[in-house]
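Here the structure is laid out as structure tokens; the discussion comes afterwards.
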Amino acid sequence: MNDKSHVSLEQHVCLVCGAAFDTGAILLDKRLRASMKHHTTTGWGLCPEHQKLFDDGFVALIECDPQRSGAHGERMKPEQAHRTGRLAHLRRTVFAKMFNVPIEDKLPCVFVEPGVIEKLQTMTAPAAA
Ligand SMILES: [Zn+2]
């Protein structure tokens with residue numbers, strides 16, 4: 001059986017949890033060749049759950065292992081981040097106060113080093129991830 005198709009359901013990968021989710025878009029091979037898998041990941045986004053938290057004014061803190069992540073020093077790209085699986089959500093206003101940095105309105109998440117989330121949880125009670 002041929003598992004390739006000329007149509008494919010577009011998926012994005014959630015920046016926060018790394019899960020692939022359907023965008024609702026359908027990709028069509030221009031020449032109608034069966035060239036694609038049934039799902040095609042085209043980029044990053046936010047899954048419905050994390051989109052909702054973002055809309056509600058939360059920023060996601062994603063713990064990454066700097067040793068195993070690609071970037072050093074520079075701003076980390078999502079594909080370079082080695083997620084440890086630990087997540088926390090903080091209200092933007094709380095985050096800005098805590099870290100004393102303004103946070104961009106459009107920023108859905110920040111990458112933090114191991115230990116940061118643990119520390120936060122002793123200081124405050126972030127919403128369940
Ligand atoms: Zn997600």
Side-chain angles (χ1 to χ4, degrees):
M1 199 182 126
N2 189 352
D3 66 348
K4 296 278 171 97
S5 169
H6 67 276
V7 290
S8 187
L9 295 175
E10 186 187 43
Q11 290 193 315
H12 280 174
V13 176
C14 179
L15 274 167
V16 178
C17 60
F21 61 95
D22 293 340
T23 63
I26 290 174
L27 306 169
L28 193 64
D29 185 285
K30 270 183 284 192
R31 289 174 219 152
L32 298 180
R33 287 177 314 185
S35 62
M36 296 184 283
K37 292 185 186 155
H38 291 282
H39 292 96
T40 303
T41 307
T42 57
W44 296 90
L46 289 173
C47 70
E49 185 193 338
H50 289 119
Q51 180 67 50
K52 191 180 178 305
L53 281 161
F54 173 71
D55 291 343
D56 288 347
F58 286 94
V59 62
L61 275 62
I62 306 167
E63 188 179 271
C64 288
D65 186 340
Q67 248 95 63
R68 298 166 82 177
S69 298
H72 295 278
E74 303 154 48
R75 192 172 167 159
M76 191 150 29
K77 293 189 188 122
E79 64 270 24
Q80 293 172 322
H82 184 95
R83 291 166 168 73
T84 64
R86 187 173 268 186
L87 289 174
H89 280 86
L90 273 185
R91 285 208 171 274
R92 289 163 182 285
T93 46
V94 174
F95 180 92
K97 237 184 255 172
M98 235 177 218
F99 293 91
N100 204 18
V101 285
I103 186 158
E104 292 169 48
D105 281 349
K106 283 183 208 133
L107 193 72
C109 62
V110 288
F111 295 109
V112 298
E113 292 192 359
V116 172
I117 290 175
E118 219 171 331
K119 207 168 172 187
L120 279 176
Q121 280 164 345
T122 62
M123 291 159 67
T124 178

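If you read the sequence from its start, that first residue is 1, and numbering goes on from there. Atoms within each ligand, like the ligands themselves, are counted from 1 in listed order.
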D56 side chain to F58 main-chain N or O, any donor-acceptor pair under 3.5 Å?
-> no
To the nearest 0.5 angstrom, please state how far the CG atom of L61 sits from the CD atom of Q121.
-> 10.0 Å
For atom CG of D105, is the number of surrounding heavy atoms from other residues, nucleotides or ligands below 6.0 Å larger than 12?
-> no
Sort by chain and number the protein N/O/S atoms found under 2.8 Å from the Zn ion (ligand 1).
-> C14 SG, C17 SG, C47 SG, H50 ND1
Under 3.5 Å, is there a donor-acceptor pair between the side chain of R92 and the main chain of L107?
-> yes
Side chain of T41, backbone of Q11: donor and acceptor closer than 3.5 Å?
-> no
What pairs with D22 under salt bridge (Lys or Arg N to Asp or Glu O under 4.0 Å), at least two apart in sequence or on another chain?
-> none
